[in-house]
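Notes for the one structure printed next.
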Amino acid sequence: MHYAILGPLHLVVNGEPRSIRSRNLSVILATLLVKAGSIVTVDDLIGEVWAQPPQRARDAIYVHISKLRQQLGDESQGDVIWSQFPGYLMRLQGEQLDLQLFHRHRIDGHRNMVNGDYKSAARDWKSGLSLCRGALLGGAYAGPILGSFDSWLQQSRADCVELTAWSQLSAGLCHEVIDFLSLHLTQYPLNEILYQQLMLAFFLSRHRAQSLGVFHRACQVLAEEVGINPGGDLRTIQDIILADDTGRAKRVIAAAVASRVSSLRPSGQLQLHPHSVA
């Protein structure tokens, strides 16, 4: 059994793909997966499924859990979804969930970055990003658990994009950075760090005009979308380009990577989302 929640809900049962068409069942299963290994109370599930719970909502949850077990197959009856007061607990065996793989790629990326293996770190971040397939449940949720998880996931995706680019820049893969960020800036048009990275990539590839063009594009987007001017870091990169100072550009990259490395916890592990599986 394999589950994918980093986008529309997908699952594979006995090697066969299986869909859950019910919005309520999808929300319940996603909540149990996000909290796998922890008890999710019936009240929590009610809060995820309904903004305004109907009468006999608790009975409806019991019925939904029964239907969900039937759809997942007989193996889930005792091994995956457990009835445990005051609610339910979902247990996973190994890396059955794409979120677990996402965590592993992030941890591997940080470890390789710490060790100075920037090419491997970039591959790790990109592998994590490849698991993200779109909006959580297609936006079909309203509760605090999945809402909090979705906010964390969106920020984690943005972090992976930034870290991929910093790793590629550190490895001297400037052309790869240009291709990578040209794609992802359409998803994060207000992220000034991505503009900085793209400017550095063009500059270190000896395309100063294109680099300055990115700066002017950032100014235009920020002004039109949120009515602000670019921050000091973007202007610092502009000054570096105008001065044609490649040494300073490389020091900016090194400082950014050092800052990310220092954000690791002492154990060397990432701080995971508090409602997610370990």
Side-chain angles (χ1 to χ4, degrees), residues 2-7 33-38 92 94-134 136 148-185 187-188 190-201 204 233 237 249-278:
H2 295 278
Y3 308 90
I5 61 170
L6 302 180
L33 287 168
V34 165
K35 298 273 286 182
S38 301
L92 301 175
E95 292 182 333
Q96 292 181 276
L97 178 62
D98 60 352
L99 177 59
Q100 295 170 300
L101 294 172
F102 182 68
H103 285 324
R104 178 163 60 82
H105 288 309
R106 292 172 66 230
I107 290 170
D108 288 346
H110 270 286
R111 183 177 296 114
N112 282 318
M113 180 176 277
V114 168
N115 293 333
D117 187 353
Y118 299 118
K119 289 184 179 180
S120 294
R123 286 195 295 268
D124 292 326
W125 304 125
K126 291 182 75 173
S127 294
L129 284 169
S130 70
L131 297 171
C132 301
R133 298 170 289 104
L136 180 67
S148 174
F149 174 73
D150 188 46
S151 296
W152 170 88
L153 181 59
Q154 290 184 41
Q155 183 58 55
S156 296
R157 290 171 176 169
D159 287 343
C160 283
V161 172
E162 294 175 15
L163 287 162
T164 298
W166 285 130
S167 297
Q168 290 174 326
L169 284 168
S170 297
L173 304 175
C174 294
H175 292 292
E176 285 85 345
V177 177
I178 292 169
D179 291 340
F180 177 75
L181 290 182
S182 296
L183 172 65
H184 284 88
L185 261 171
Q187 297 175 284
Y188 305 101
L190 302 180
N191 188 320
E192 293 190 42
I193 292 176
L194 303 190
Y195 288 111
Q196 295 171 37
Q197 294 169 326
L198 187 56
M199 289 172 68
L200 287 165
L204 293 174
D233 290 338
I237 306 301
K250 292 177 180 179
R251 290 194 295 274
V252 167
I253 294 168
V257 171
S259 175
R260 292 305 185 109
V261 167
S262 69
S263 69
L264 284 172
R265 296 193 299 170
S267 65
Q269 297 293 309
L270 289 176
Q271 179 64 52
L272 303 183
H273 178 68
H275 297 306
S276 67
V277 296

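Side-chain atoms are counted along with the backbone in the values below, which use heavy atoms only and exclude waters and symmetry mates. If you're wondering where the values come from, they're calculated on a predicted model, not measured in any experiment. If you read the sequence from its start, that first residue is 1, and numbering goes on from there.
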So do [Y] and [X] actually touch side chain to side chain, heavy atoms under 4.5 Å?
X	Y	value
Ile237	Asp233	no
Tyr118	Gln168	no
Val161	Asn191	no
Leu33	Leu99	no

Measure across [X] and [Y] and return the closest heavy-atom pair with its distance rounded to 0.1 Å.
X	Y	result
Ser170	Val257	OG-CG2, 3.2 Å
Ile5	Leu136	O-CD1, 3.0 Å
Gln197	Ala165	OE1-CB, 3.3 Å
Val252	Leu200	CG1-CD1, 4.3 Å
Ala4	Asp98	CA-OD2, 3.2 Å

Who are the side-chain hydrogen bond (donor to acceptor under 3.5 Å, both in side chains) partners of [X], not counting sequence neighbours?
X	value
Ser167	Trp125
Glu95	Arg104
Arg251	none

| said: Rounded to the nearest 0.5 Å, what separates atom OG in Ser130 from atom NE2 in His105? | reply: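 Going from the OG atom of Ser130 to the NE2 atom of His105 covers 6.0 Å.
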| task | Not counting sequence neighbours, list each pair that qualifies as a salt bridge (charged side-chain N to carboxylate O under 4.0 Å, His left out) and has a residue in residues 117-130. | result |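 Every candidate salt bridge (charged side-chain N to carboxylate O under 4.0 Å, His left out) pair involving residues 117-130 fails, so no pair, neighbours aside, qualifies.
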| Inter- and intrachain pairs under salt bridge (charged side-chain N to carboxylate O under 4.0 Å, His left out), touching residues 153-163, at least two apart |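 Listed once each, the pairs are Glu162-Arg260.
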| message | Keeping Gln100 on the side-chain end and Gly94 on the backbone end, is there a donor-acceptor pair under 3.5 Å? | response |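 Answer holds: yes.
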| field | Side-chain donor or acceptor of Ser259 paired with backbone N/O of Ala256 under 3.5 Å | value |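 Not at all, since once roles are kept as given, no pair shorter than 3.5 Å links the two residues.
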| Of all residues at least two apart in sequence or in a different chain, which pass the side chain to side chain contact (heavy atoms under 4.5 Å, CB included) check with Ser156? |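 Ser156: side chain to side chain contact (heavy atoms under 4.5 Å, CB included) contacts with Phe102, Arg106, Trp152.
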| said: Just to verify, what does Ala158 make a side chain to side chain contact (heavy atoms under 4.5 Å, CB included) with, not counting sequence neighbours? | reply: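 Listed in chain order: Gln155, Tyr188.
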| message | By the ring pair (Phe, Tyr, Trp, His ring centres under 6.0 Å) test, which pairs, at least two apart or in different chains, include something from residues 154-185? | response |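 Applying ring pair (Phe, Tyr, Trp, His ring centres under 6.0 Å) to every pair that reaches into residues 154-185, excluding sequence neighbours, yields Phe180-His184.
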| message | Taking salt bridge (charged side-chain N to carboxylate O under 4.0 Å, His left out) as the definition, give me every residue that meets it alongside Glu192, ordered by chain and number, with sequence neighbours left out. | response |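 Glu192: no salt bridge (charged side-chain N to carboxylate O under 4.0 Å, His left out) contacts found.
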